Amino acid sequence: MDNRAIAAMLDEIADMLEVLGDNPFKVRAYRRLAAYVDHLDTELREIHARGGLGDIPGVGKALRAKLEEMLETGDLAYYRRLRERVPPGVLEMLAIPGLGPRKVGLIYSQTGISSLDELYRAAQEKRLRQIPGLGGKTEFNIKKGIDMLRSLGREVTLGTALPRALQLRDYLAEMPQVEAVEIVGSIRRGKPLVGDVDLLVASSDEAAVREKVRKYRRVLEVDREGPGYIHGRLELGLEFEVIVVAPGDFYRSLLLCTGSRAHREKMVEAMRGVDLRGVDSEQAIYQRLAMQYVPPELREDRGEIERAREGTLPSLVTVEDLRGDLHVHTDWSDGGSNLREMAEAARARGYRYLAVTDHSQSLAVSRGLDVERLRSQVEEIRALNREWTDFRLLTGIEVDILRDGSLDLPDEVLAGLDVVIASIHSHFRLSREEQTARLEAAIRNPHVDIIGHLTGRLLVRRPGYEVDVDRVLRLAREHRTALEINAHPDRLDIDEETARRACQAGVRVAICSDAHHRADLDLVSYGVLSARRGWVGRSDVLNAMELDELLAYLGTSGGDAG
DNA sequence: GCCGTTTTCGGCCCGACTGTTTTCAGTCG
């Protein structure tokens, strides 16, 4: 088992223990280990080989034995036993908003209901309210929640699909018969939600490629197969299709398999009658069509084909353009890495600066900083900054926007920080007017530089709260407040559409990882993909600025002031 | 489950809101 699989199993164990009403601290032990393993940059297998499992924080005798069993046998008896007591369908109920482990456990033990379909029927037939502790309101919310889950469909986030697509790509790339292999379809376009993993392979031995796919250990089943293609499901039920073409057809196929349907139809039209023999890249094809190269993220038929013909496509922001990250957490609040680790990870990425923006006091669960602790953190940051000449930690906070729109820390404290992000973390159910008024108050605060994750959406889990985006954009422009593109693949908030409108409106965006661990700085690439899909250019991006320029923009004095 | 010790047990982030109660349990962030 690899780290990803082990982390998933540990998390599932935690879910099952919770439903069974086991000791919450035991549950936390499993969750903490799952998160740790998920962030590990070494395979547990290697750590095991050198006998280091016991040195992992939070691993004692019991967890160590379980890790060993997983690594050595690829299975875990304890997990199997729990599965017998808690069917998978019961765990799916945890995704329903408002339904936690206790209520799920109650429903299962009282009724034996073990799937979403059964649960939905029971809610419709008003049978749930008969369970002591549940009422009509919960019943209604369960129905609404299942409707919401169904509307989300079978799509998964890019954060789930892309790593698996890369694994399959690398697996196929090992074959000597494979001349080229690329991820295509919506993943290549960087769509935040994708329904399947599509790969294009160039090979003259397509039967061998299909055979290799069938033998891939992460393939659950193959359901369709024929000359030139093989289709089935990977882990998590994720659909995949591998298309095999002759090497001479690769780049034309690559272009046609990447764009959205509407984009593809227009390109087929454009290619009609054009001699594409001998092209050795997508760029060469566009050239023969007298078009600018269209980056995959733009291939949605939103005007990019016309602009490419005119030669007026924008130059899109790249990961390499970013000079720093302006939204990260450390172990001062709910992050998993300390200041130095975060700083070193940022330096290793080639960043010139990193703003430390831990949570503020009202977010108690995250050990949010009060004025005193913030002051201590700032001191530690100043001390650390003496160590580098090529890099700078910026002081900052992700300050909570309270219910009435006021901020969680006094103005004079915010004034002393390099970067202030204001975010909503509570009262999601207010009306559009109330929500927008809170944001307006935050934007009008002269110390606020960036509004964090504007809508609070969590992809595949929860829609964002209602916001008057037009009004926010007008205010943001007026007050030179940037909007964050929160790069976490579960958020991607603001979305690409809003990002495009922001840039058209002259509002800057900040593409930030919201990393809670040093390994998560890399998540920024998802935000860049989303930004590119929103036609965002380098000059639109706050953290593409050099340090001096940024500090001038933020209105701080640059040196060690404050 | 782990951990640390003032060392083999007792503590392990918490505060607000919701829906169900009628004084509180469960969920969420």
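Side chains are part of it too, since the values below use all heavy atoms of this structure and drop only hydrogens, waters and symmetry mates. All of these numbers come straight from a predicted model, not from anything done at the bench. Letters go in sequence order (proteins before strands), and every chain restarts at 1.
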Quiz item: So which one's nearest nucleotide on DNA chain B is more toward 5', A:S366 or A:K26?
Solution: A:K26
Quiz prompt | P gap between B:dT27 and B:dT21, integer Å | solution = 15 Å
Self-check item: Cationic N near anionic O, under 4.0 Å, A:E497 to A:R500
Solution: no
Exercise. Report the distance from atom CZ of A:R367 to atom C1' of B:dC12, rounded to the nearest whole Å.
Key: 13 Å
Quiz prompt | Parallel, tilted or perpendicular: ring planes of A:H329 versus A:H516, cut at 30 and 60 degrees | solution = parallel
Practice problem: Could you work out the separation of B:dT5 and B:dG1 based on their P atoms and round it to a whole Å? | Solution: 24 Å
Quiz item: Mind checking what makes side chain to side chain contact (heavy atoms under 4.5 Å, CB included) contact with A:T498, not counting sequence neighbours?
Solution: A:V469, A:I494, A:D495
Exercise. Counting Watson-Crick and G-U wobble pairs only, both distances under 3.5 Å, name the nucleotide matched with B:dC28, or none.
Key: B:dG15
Practice problem: Sugar-phosphate atoms are those with a prime plus P, OP1 and OP2; base atoms are the rest. Using that split, label each nucleotide of nucleotides 16-29 of chain B B, S or - for protein heavy atoms under 4.0 Å, 5' to 3'. | Solution: -S-SS-----SSSB
Quiz item: A:R31 has an atom CZ; how far is it from atom C1' of B:dC2, in whole Å?
Solution: 16 Å
Quiz item: When all nucleic acid strands are considered with a 4.0 Å heavy-atom cut-off, which category describes A:F25: base, sugar-phosphate, or nothing?
Solution: base
Exercise. May I ask you to establish whether A:R462 and A:F428 are in a cation-pi arrangement, using a distance under 6.0 Å from NZ or CZ to the six-membered ring centre and at most 45° from the ring axis?
Key: yes
Practice problem: Specify the separation, in whole Å, of atom CG of A:L17 and atom P of B:dG1. | Solution: 7 Å
Quiz prompt | Salt-bridge contact A:R83-A:E12 (side-chain N to carboxylate O under 4.0 Å) | solution = yes
Practice problem: Measure from NZ or CZ of A:R150 to the centre of the six-membered ring of A:Y120 and say whether it is under 6.0 Å with the direction within 45° of the ring axis. | Solution: yes
Quiz item: Does A:R438 pair with A:E434 as a salt bridge, N-O distance under 4.0 Å?
Solution: no
Practice problem: Mind calculating the distance between CZ (A:R28) and C1' (B:dC14) to the nearest angstrom? | Solution: 11 Å
Exercise. Answer yes when A:R508 and A:D449 have at least one side-chain N-carboxylate O distance shorter than 4.0 Å, and no when they do not.
Key: no
Practice problem: Could you check which residues of residues 54-81 of chain A get a heavy atom under 4.0 Å from DNA chain B? Sort them by number, please. | Solution: A:G58, A:V59, A:G60, A:K61, A:A62, A:L63, A:K66, A:Y78
Quiz prompt | Rounded P spacing from B:dG26 to B:dT22 in Å | solution = 15 Å
Self-check item: Shortest non-hydrogen separation from A:V371 to A:V413 and the atoms involved
Solution: CG1-CG2, 3.9 Å
